[in-house]
Amino acid sequence: MNHLKKLRGMVDLLPEQTPIWQAIESLARTHFVRAGISEIRTPLLEATELFSKGIGEETDVVGKEMYSFLDRGERSCTLRPEGTASVIRAVLENGLLNKGMQRLWYAGPMFRYERPQAGRQRQFHQLGVEFIGLNQTRSDAEVIALAWNLLQDLGLNNLELEINSLGDEEDRKTFRSQLVNWLQSRESALDTDSQKRLLQNPLRILDSKNSQTQALLEKAPKLHSSLSKESQKRFASVQIHLQALDIPFKINDRLVRGLDYYDQTAFEITSPQLGAQSTVCGGGRYNRLIEQLGGPPTPAIGWAIGLERLILLIQQISQENPSGKAALLSKINHPDIFLINKGADAEKKALVISQELRAAGFIVELDCSSGAFNKQFKRANRSGARWALVIGDDEMRTGQIRLKNLDHSLKQNDPIQNEQLHPLNNLESLMESLRTQATPNKNN
RNA sequence: GCGGGCGUCGCCAAGUGGUUAAGGCAGCGGCUUGUGGCGCCGCUAUUCGGGGGUUCGAAUCCCCUCGCUCGCCCCA
């Protein structure tokens, strides 16, 4: 077992974990359908240039986290580190903007070459939304509400929505020079990372985790006060709409986000229960990106949810409250019927019956072991199935199939409910009985 | 890229220099050729992530390496 191991930062999703993924995906899909949002699927692999141009050369994602390599034609390729750039590329390349504004969602794996830690992997999964061609502040609120409502519907309490306005390019330019001026005279008080950023990306200093730097920033110039009248009005309007939707939020003056393309509204949804990597959902407006990638000037806004972090949260909340909504999501589909069978003729008949029952909509597990009956019963019990259906030589002889309720509590006291006989050649009465006595699966 | 913690069976582990590496769970087989929850019995690591060294003797000490994990940076 030493050789065939997955690469660092890659993760297998095992059968017991996939139900929760499916539950999230299906709930998300219904939210998107209701909101008139269509799915888009783009390649995992893109030309490196798309991301360096789109996300920004100076960002950490592009500078040190891209999963890049040369293909056989010596082209530089990169496994997508995020979804937005690819979606915009696809929209432009396929002329979708000619059909008007686009409301899109996507889901799938993303790749960043970083050291893994809790809530961070090299291959991870995002679920994202992009509204392209809209600049009204109502669309900001709608996009945020979409994320918020989905997370609520997944049973997540305890989330915090933080919003900020980064203003437009002009606003940021004036703020940047103010901030740099102010900080330069106090450079020695900054932590070393922030000192480096003073030259490269000074706005990022604002969300430094260093407490001394944070204390210093208390007195620094505020981004808010550099916003133009229009940007301020815009931000106020976003807030009014969020209030109208009863979505609680906090304004975080320090929220700047690490991708270069953000403009105006930026937001994050975090959970205090996640440890160091606490952001579940991040997003914002990006009104310049499309032009930057060669398209017509087009406003847009979007977000992405990190699915691994989301699932981490759901699992924590499920533990705290095993009967809550979040806990129901990881429910496993146990079979309705476990088919116990032994003997050449019986096994052939059982195979046929299993198909008929499945065609009728029942979840059926067929035991193919030809093993002793007591072994098969043990497996039936473990499978979590509600019913055991038994076919052996005796049943073939009498033409009666045996249906047993596997519910433990019924064993001794109620033999009638515990075992029934049904004709082998006409499954109608069996199916009828299964339907009318349909009970929820035991074992969650 | 930089720090901290950890690597003994599929999982959880005891063992911290002395001759056969506890135990529990799961798995398989039996008690019980055709009837499940319980019980009892048996089986399942020539080997302690890998390599090298010290020693009469190493899972236990030293060095190197690989992997996992948490944190920093940054992000979902």
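Here is the naming used below: chain letters follow the sequence lines, and residue numbers restart at 1 for every chain.
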Which one is paired to B:A26, where only Watson-Crick or G-U wobble pairs with both distances under 3.5 angstrom count? none
Determine the Euclidean distance between corresponding C1' atoms of B:U33 and B:C48; express it in Å to zero decimal places. 43 Å
Quick one: are A:P116 and A:Q121 in side-chain contact, heavy atoms under 4.5 Å? no
Applying a 3.5 Å limit to both distances, which nucleotide forms a Watson-Crick or G-U wobble pair with B:G36? none
With rounding to whole Å, what would you report as the distance between B:G50 and B:A59 at their P atoms? 11 Å
Give me the distance, rounded to whole Å, that separates B:C12 from B:G4 when you measure between the C1' atoms they each carry. 24 Å
Using the C1' atom as the point on both nucleotides, what is the distance between B:A22 and B:U44, in whole Å? 16 Å
If I pick the C1' atom on B:U54 and the same atom on B:C43, what distance separates them, to the nearest angstrom? 39 Å
Are side-chain heavy atoms of A:L13 and A:W21 found at a separation under 4.5 Å? yes
For the side chain of A:N374 and the base of B:U32, is some donor closer than 3.5 Å to an acceptor across the two? yes
Can you tell me the distance, in whole Å, between the CG atom of A:L274 and the P atom of B:C70? 12 Å
Rounded to whole Å, NZ of A:K64 lies from P of B:C72 at a distance of 13 Å
Nucleotide of B:A76, B:C28, B:G34 approaching A:D393 most closely (side-chain heavy atoms): B:G34
At under 4.0 Å between heavy atoms, what does A:G392 touch on the DNA or RNA strands: base, sugar-phosphate, or nothing? base
Could you go through the side-chain hydrogen bond (donor to acceptor under 3.5 Å, both in side chains) check for A:T137 and A:D140 one step at a time? CA-CA 5 Å; A:T137 54; A:D140 295 44; over 6 Å; no
Show me the protein contacts with nucleotides 65-69 of chain B, counting only N or O atoms at under 3.5 Å.
unit_1	atom_1	unit_2	atom_2	d
B:G67	O2'	A:K5	NZ	3.3
B:C68	OP2	A:R8	NE	3.1
B:C68	OP2	A:R8	NH2	3.2
B:U69	O4	A:R115	NH2	3.4

Side chains of A:Q420 and A:S433 only: does a donor on one sit below 3.5 Å from an acceptor on the other? yes
Expressed in angstrom and rounded to an integer, what is the separation of A:I269 atom CD1 from B:A76 atom C1'? 12 Å
Identity of whatever pairs with B:C2 - Watson-Crick or G-U, under 3.5 angstrom: B:G71
Contacts of type ring pair (Phe, Tyr, Trp, His ring centres under 6.0 Å), residue A:Y113, not counting sequence neighbours: A:Y67
Once hydrogens and angles are ignored, does a donor-acceptor distance under 3.5 Å link the base of B:G34 to the side chain of A:E395? yes
Of A:Q264, A:E130, A:Q292, which is the lone residue that meets side chain to side chain donor-acceptor pair (under 3.5 Å) with A:Y286? A:E130
Does the side chain of A:H241 pick up a donor-acceptor pair with the side chain of A:Q239 at under 3.5 Å? no
Suppose you measure atom P in B:A45 against the same atom in B:A58; what distance do you get, rounded to whole Å? 22 Å
Which nucleotide wins on minimum distance to the side chain of A:Q277, given the candidates B:C72, B:G36, B:G34? B:C72
In whole Å, what is the span from the CD atom of A:Q376 to the P atom of B:C28? 13 Å
Test log, rule side chain to side chain contact (heavy atoms under 4.5 Å, CB included), inputs A:L339 and A:V364: CA-CA 7 Å; A:L339 222 170; A:V364 180; 4.3 Å; yes
For nucleotides B:A76 and B:G5, find the distance between their C1' atoms and express it as a whole number of Å. 26 Å
Quick one, A:R172 with A:D263, criterion salt bridge (Lys or Arg N to Asp or Glu O under 4.0 Å). Give me CA distance, side-chain angles, the key distance, then yes/no. CA-CA 9 Å; A:R172 276 196 304 283; A:D263 251 337; 3.1 Å; yes
Taking a pair as Watson-Crick or G-U wobble with both distances under 3.5 Å, which nucleotide is matched to B:U47? none
Could you please name the option among B:C73, B:C28, B:G36 that lies closest to any side-chain atom of A:R379? B:C28
Is it true that atom CD of A:E49 has more than 12 heavy atoms of other residues, nucleotides or ligands lying nearer than 6.0 Å? no
Hey, is A:F377 stacking on B:G36? Ring centres under 5.5 Å, planes under 30°. no
Partner nucleotide of B:A58 by Watson-Crick or wobble geometry (both distances under 3.5 Å): none
Closest of B:C28, B:A76, B:U33 to the A:K342 side chain is B:U33
Find the distance A:Q214:CD to B:C72:P and express it as a whole number of Å. 14 Å
Quick one: label A:V390 by what it contacts on the DNA or RNA (base, sugar-phosphate, nothing), any heavy atom closer than 4.0 Å. base
Check whether the side chain of A:E114 and the base of B:A76 form a donor-acceptor pair under 3.5 Å. yes
Could you check whether A:E308 gets within reach of a base, just the sugar-phosphate, or nothing at all, counting any heavy atom under 4.0 Å? nothing
Pairs in or reaching into residues 22-51 of chain A: which pass ring pair (Phe, Tyr, Trp, His ring centres under 6.0 Å), with residues at least two apart or in two chains? A:F32-A:W105
If you restrict it to nitrogen or oxygen atoms, what contacts under 3.5 Å exist between nucleotides 38-45 of chain B and the protein, and what is each distance?
none

Given the P atoms of B:G18 and B:U60, what is the spacing between them in whole Å? 12 Å
Of A:A372 and A:Y262, the one whose closest RNA chain B nucleotide lies more 5': A:A372
Would you kindly give the CD-to-C1' distance between A:E419 and B:G34, to the nearest whole Å? 11 Å
Pairs involving residues 7-27 of chain A, ordered by first then second residue, that meet salt bridge (Lys or Arg N to Asp or Glu O under 4.0 Å) (sequence neighbours left out): none
Applying a 4.0 Å non-hydrogen cut-off, can you work out what A:G128 is touching in the nucleic acid: base, sugar-phosphate, or nothing? nothing
Dump every N/O contact between nucleotides 8-10 of chain B and the protein below 3.5 Å, one line per pair.
none

For B:U20, the nucleotide meeting Watson-Crick or G-U wobble distances (both under 3.5 Å) is none
With no hydrogens and no angle check, do the side chains of A:T270 and A:R309 hold a donor and an acceptor under 3.5 Å apart? no
Under the salt bridge (Lys or Arg N to Asp or Glu O under 4.0 Å) rule, what do A:R397 and A:D394 come out as? Steps first, then yes or no, please. CA-CA 5 Å; A:R397 201 173 319 117; A:D394 292 356; 3.3 Å; yes
Is it the case that more than 12 heavy atoms not belonging to A:R41 sit under 6.0 Å from its CZ atom? no
